[in-house]
Participant: 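Below is a structure I'd like to ask you about.
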Amino acid sequence: MSKQDIRGAALITGASTGIGAAYADRLARAGHDLILVARDTGRLGALAARLRGETGVNIDIITADLTDKADLARVESRLADDAAIDILINNAGVALSGPFVEQDLERIDGMIQLNIVSVTRLAHAAAKAFAARDRGAIVNISSVAGLAPELQMAVYGATKAYVTYFTQTLRLQLSPNIQLQAVLPGATRTEIWDRSGHGGADVLDPNMLMELDDLVDAALAGFHQGELITIPSLPDAADFAAYDAARAKLLPNLSRNRSAARYKVGEPA
Ligand SMILES: NC(=O)c1ccc[n+]([C@@H]2O[C@H](COP(=O)([O-])OP(=O)(O)OC[C@H]3O[C@@H](n4cnc5c(N)ncnc54)[C@H](OP(=O)(O)O)[C@@H]3O)[C@@H](O)[C@H]2O)c1
């Protein structure tokens with residue numbers, strides 16, 4: 001799958017439909033054995049049966065609600081104990097439409113559990129196992145929503161800002177032999193638009209909506225190019241590099257022993 005030629009099995013969360021199912025398809029065709037995780041056993045089983053038949057790879061399914069601590073622990077254990085696993089696709093996620101104060105607090109809580117807590121715990125299990133073998137790959141599915149408060153997806157966007165930051169920081173800590181990637185899709189045609197209460201993908205501006213296959217193929221191309229941050233729709237990667245450079249320019253002044261002159265009341269700025 002990667003520049004280092006990672007040949008082992010891939011564990012994919014949220015594999016019953018959408019982006020996770022498309023990753024399952026591509027990785028099976030590339031010869032990877034798979035472990036598919038989601039809540040819907042029927043859909044996982046049907047996908048596994050089709051891909052086994054079409055590609056001959058071995059596929060296990062794990063039925064798990066990743067917001068449930070015991071279910072999540074089973075998946076963590078699989079990542080920790082199964083030395084055949086080389087790749088984690090940390091993909092399962094939910095979104096929520098509407099203004100923050102009108103959102104249901106239990107659904108907000110569940111979104112944080114899935115989009116942040118499960119992503120973190122699974123990455124921890126994988127990173128520890130991969131560090132011991134000094135090989136492996138962790139792909140975290142983030143979102144452009146994490147870059148754009150203007151989209152007004154207060155908690156969803158914040159969970160995705162977390163995923164991007166988390167991936168960038170892991171890059172600084174883990175061995176270069178462990179490949180890391182945060183994928184930041186824009187709007188992509190999947191069921192998330194129905195499930196989140198947005199009214200389905202068809203209500204979106206077609207010029208802003210990417211088809212699922214294009215999204216996953218671009219994400220995999222970015223992976224093969226060794227990108228840390230992949231924004232499939234961004235025409236010029238230099239634009240993200242410039243954004244990141246502007247952020248890095250702040251670094252020398254983010255922590256100092258005195259406040260900035262403009263905050264010194266009574267003193268000239
Ligand atoms: N589509 C977009 O426009 C878009 C844009 C940016 C980022 N993303 C991100 O891409 C990722 C995949 O989204 P998608 O668009 O493919 O969504 P999707 O079509 O709704 O699929 C979500 C997947 O996550 C699984 N899932 C949901 N809740 C779960 C839970 N509690 N435990 C375990 N699995 C759970 C679902 O399976 P079950 O229901 O069977 O559990 C399903 O397989 C998410 O992280 C999302 O935030 C999507």
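We count ligands from 1, going down the list as the structure has it; atoms in each ligand are counted the same way. The residues of the chain are indexed from 1 along the displayed sequence. Scope of the values below: all heavy atoms of this structure, side chains included, with no hydrogens, waters or symmetry mates.
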Participant: So which protein heavy atom does atom 9 (C) of ligand 1 come closest to, and at what separation?
Facilitator: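 Going atom by atom, the protein heavy atom closest to atom 9 (C) of ligand 1 ends up being Ile141 CG2, 3.8 Å.
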Participant: Give the numbers and elements of all ligand 1 atoms closer than 4.0 Å to a heavy atom of Ala15.
Facilitator: 43 (O)
Participant: For atom 3 (O) of ligand 1, what is the closest protein heavy atom, and at what distance to 0.1 Å?
Facilitator: Thr188 N, 2.8 Å
Participant: Counting heavy atoms only, which of Pro185, Ala92, Gly93 comes nearest to atom 22 (C) of ligand 1?
Facilitator: Gly93
Participant: Holding to salt bridge (charged side-chain N to carboxylate O under 4.0 Å, His left out), I want the full list of residues that pass it with Arg26, two or more places apart in sequence or in another chain.
Facilitator: Asp213, Asp217
Participant: Starting from atom 17 (O) of ligand 1, what is the nearest protein heavy atom, named by residue and atom, and what distance separates them?
Facilitator: Ile192 CB, 3.5 Å
Participant: Regarding ligand 1, does Ala187 bring an N or O atom to under 3.5 Å of one of the ligand's N or O atoms?
Facilitator: no
Participant: Determine whether any heavy atom of Arg195 lies closer than 4.0 Å to an atom of ligand 1.
Facilitator: yes
Participant: What is the nearest protein non-hydrogen atom to atom 33 (C) of ligand 1, stated with its residue, atom name and distance?
Facilitator: Ala64 O, 3.3 Å
Participant: Counting heavy atoms only, which of Gly110, Ala38, Gly186, Ser16 comes nearest to atom 4 (C) of ligand 1?
Facilitator: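 It is Gly186 that holds the nearest heavy atom.
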Participant: So, regarding Ile19 and ligand 1 (criterion: nitrogen or oxygen to nitrogen or oxygen, under 3.5 Å), is there a contact or not?
Facilitator: yes
Participant: Could you check which of Thr190, Leu209, Asp40, Leu204 puts a non-hydrogen atom nearest to atom 1 (N) of ligand 1?
Facilitator: Thr190
Participant: Could you tell me whether Trp193 and ligand 1 have an N or O pair separated by under 3.5 Å?
Facilitator: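 Yes; the residue has a nitrogen or oxygen that sits under 3.5 Å from a nitrogen or oxygen of the ligand.
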Participant: Could a heavy atom of Lys160 be found less than 4.0 Å from some atom of ligand 1?
Facilitator: yes
Participant: For atom 28 (N) of ligand 1, what is the closest protein heavy atom, and at what distance to 0.1 Å?
Facilitator: Arg39 NH2, 3.3 Å
